[in-house]
Amino acid sequence: MELKPGLSALVTGGASGIGKALCLALAKKGVFVTIVDSSEERGKEVAGLAEKECAEFHSGLKFPVVMFIRSDVTNTGELKAAFEKHCTTYGGLDICINSAGIGDYVQFHNDQTDGSKSWRHVVNVNLVAVIDSTRLAIQAMQTAQKPGVIINLGSASGLYPMFTGPIYSATKGGVVMFTRSLARFKRQGIRINVLCPEFVQTDLAEKAAASSIARFGGYLPMKLVVEGAFELIRDESKAGSCLWITNRRGMEYWPTPAEEAKYLLRSSKARKKSLVTVPMDLQIPHSFEKVVVHTLSHNFRSATRIVRTELRLPLKPDHVLLKVIYAGVNASDVNFSSGRYFSGNGKDITSLLPLDSGFEAVGVIAALGDGVRNLKIGVPAAIMTFGGYAEFVMVPTKHILPVEKPDPEVLAMLTSGLTASIALEKAAQMESGKVVLVTAAAGATGQFAVQLAKLAGNTVVATCGGYEKAKLLKDLGVDRVIDYKVEDIKAVLKEEFPKGADIVYESVGGEMFDICLNALAVYGRLVVIGMISQYQGEHGWKPRNYPGICEKLLAKSQTVAGFFLIQYAHLWQEHLDRLVNLFSSGKLKVAIDPKQFVGLHSVADAVEYLHSGKSAGKVVVCVDPTYAKQPAKL
Ligand code: NAP
């Protein structure tokens with residue numbers, strides 16, 4: 001639903017806290033607002049403030065743009081009267097926000113009363129009244145026969161116990177499950193969602209123990225809660241959705257698809273939808289081609305060649321055969337071909353040759369071993385094991401990542417997307433409200449890092465080389481793009497971010513690493529993602545010394561953390577689901593470099609193109625154009 005002047009909203013608990021902030025934010029968009037609250041003094045004060053905001057959009061109306069209605073939400077008669085007054089004044093109800101709530105400061109187990117003035121009252125305000133108000137809102141929206149959105153205020157304590165407030169936690173858990181169970185109203189055009197923020201600085205939260213607030217990383221900015229509510233209003237795909245907002249992780253839908261999958265079998269309809277049609281004439285050949293490393297060298301072209309190899313069937317019982325459609329190109333392909341990934345294991349690396357190259361691929365399952373029960377032929381799948389630069393790959397089922405489509409965008413979410421998603425969460429420990437600096441930001445992994453940092457509510461600064469890349473980054477929502485071909489990175493950072501960057505996602509290495517380290521804020525975390533500028537020197541990778549680094553880090557309590565995706569395989573499926581979810585709901589864009597590389601003979605060209613510094617987004621090789629779709633360009 002587009003938030004525009006002339007819509008109307010009823011907000012319970014609108015006289016204070018989150019309810020008040022939402023009333024003012026809605027009024028700022030020209031939305032007519034009815035504030036329902038038991039506190040007359042505060043309610044009228046908020047109504048006065050909201051009226052000033054909303055009046056800017058309207059003139060000459062015969063009705064008030066904002067109303068305050070005194071009502072106790074636990075009194076169903078009073079609540080019903082408030083809804084009726086709203087609907088007769090504004091001709092219906094577009095948005096209802098149930099924000100009225102109270103804390104639980106009683107020791108219910110010591111309570112000698114019937115609880116009507118203590119714990120039972122908390123249940124009545126926080127849960128029973130939310131159910132009642134949702135009921136009245138649904139009826140009002142059904143009568144008006146117009147689409148509507150209802151947002152119930154849950155809490156992070158509805159997802160995780162609040163040990164200092166068990167009754168409060170119970171009511172919020174109830175609100176979460178009640179709301180999630182109402183997803184089906186979407187069919188009638190009514191979307192009901194629940195917002196679960198952690199502590200926001202309101203009167204209610206101030207009574208909570210300071211120690212609990214500290215454990216959650218401090219108060220959440222109200223701005224983020226308003227953004228979350230607006231997202232639930234605007235995003236038509238959200239119904240029965242629970243948006244969890246934290247200082248540490250930003251906005252996140254709960255449960256994640258991976259968690260959700262544990263409760264339900266996917267419907268046959270959903271499963272059918274996810275299958276791509278594999279032509280019946282798909283023949284499994286007797287042999288296939290792949291790119292192998294035959295000589296160790298950081299020069300990928302001279303290190304590799306295409307070989308034809310026999311395709312032996314039957315497969316091992318727990319193996320599947322993946323027909324590759326797209327293979328992903330990575331900066332580190334040259335580190336693989338130079339043997340860097342295998343050095344240090346004590347073996348003579350040359351004894352491992354030839355090595356199957358390529359880190360990732362998407363395609364369809366073409367054959368199954370006898371023991372495979374959970375996969376089917378024709379199902380799209382991804383792999384993130386060595387050997388992606390091939391027409392076919394045989395892998396144990398544990399290496400198969402089921403995906404909806406074997407598309408370049410999904411491929412980009414594998415190594416590149418997962419690196420950004422997991423590194424920002426685990427190594428950078430990303431929160432909201434920070435300054436996040438991303439280098440090589442228009443590259444395959446950088447594009448994900450900037451968007452995820454932005455989605456989590458941060459100010460994002462990004463470096464890149466070239467006008468087109470800068471344009472892409474602006475389109476992705478970056479706050480400050482530094483095109484190093486026209487601006488001096490050091491000078492810009494010093495002048496515009498004098499306190500420094502709290503998080504740096506650093507992929508370039510060399511001089512860029514030095515610049516980033518010098519621009520790191522007190523307590524800052526610099527995550528070493530890679531050092532692409534060092535991979536292809538004349539004689540290969542030369543490790544660098546960083547004299548004085550300990551003194552620098554010590555002086556500012558800073559951290560330099562390494563991140564290597566292979567060590568986080570246990571998180572791949574969960575983060576891939578998150579990325580796919582963000583992509584399908586339109587919150588995440590995936591840029592694929594438009595230069596086309598078709599067939600295995602183009603792999604070396606593609607690797608060199610990536611290292612030329614000209615690419616933007618993910619570089620992909622289409623291994624089999626018969627099944628390919630046109631690469632999407634932002
Ligand atoms: P990418 O970012 O798409 O790489 C291309 C970009 O890197 C170029 O467009 C250029 O961007 C920059 N670049 C290329 N060569 C350079 C050079 N010689 N000097 C300076 N900048 C250069 O590639 P990617 O595959 O996504 O990899 C990016 C980085 O992430 C690499 O360091 C890679 O090793 C690392 N990575 C790490 C992990 C992990 O697990 N740690 C996983 C995946 C990738 P600008 O000129 O616009 O800056």
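A quick note: this is a predicted structure, and the numbers were derived from the prediction, not measured. Throughout, residue positions are numbered sequentially from 1 according to the sequence presented. Ligands are counted one by one from 1 in listed order, and the atoms in each one are counted from 1 as well.
In this structure, Lys595 forms a cation-pi arrangement with Tyr609, its terminal cationic atom sitting closer than 6.0 Å to the ring centre and no more than 45° off the ring axis.
At a heavy-atom cutoff of 4.0 Å, ligand 1 is surrounded by Asn330, Ala331, Ser332, Thr415, Thr419, Ala440, Gly443, Ala444, Thr445, Cys464, Gly465, Lys469, Tyr484, Ser507, Val508, Ile529, Gly530, Met531, Ile532, Ser533, Tyr535, Phe563, Phe564, Leu565, Leu610, His611, Gly613, Ser615.
Once rounded to the nearest 0.5 Å, the distance linking SG of Cys196 with CH2 of Trp254 reads 8.5 Å.
Within the structure, the ring pair (Phe, Tyr, Trp, His ring centres under 6.0 Å) test picks out the following pairs touching residues 512-534 (sequence neighbours left out): Phe513-Tyr546.
Partners of Asp479 under the side-chain hydrogen bond (donor to acceptor under 3.5 Å, both in side chains) rule, at least two apart in sequence or in another chain, are Lys454. Partners of Asn518 under the side-chain hydrogen bond (donor to acceptor under 3.5 Å, both in side chains) rule, at least two apart in sequence or in another chain, are Lys552.
Classification of the Phe359-Phe386 ring pair by plane angle, with boundaries at 30° and 60°, yields tilted.
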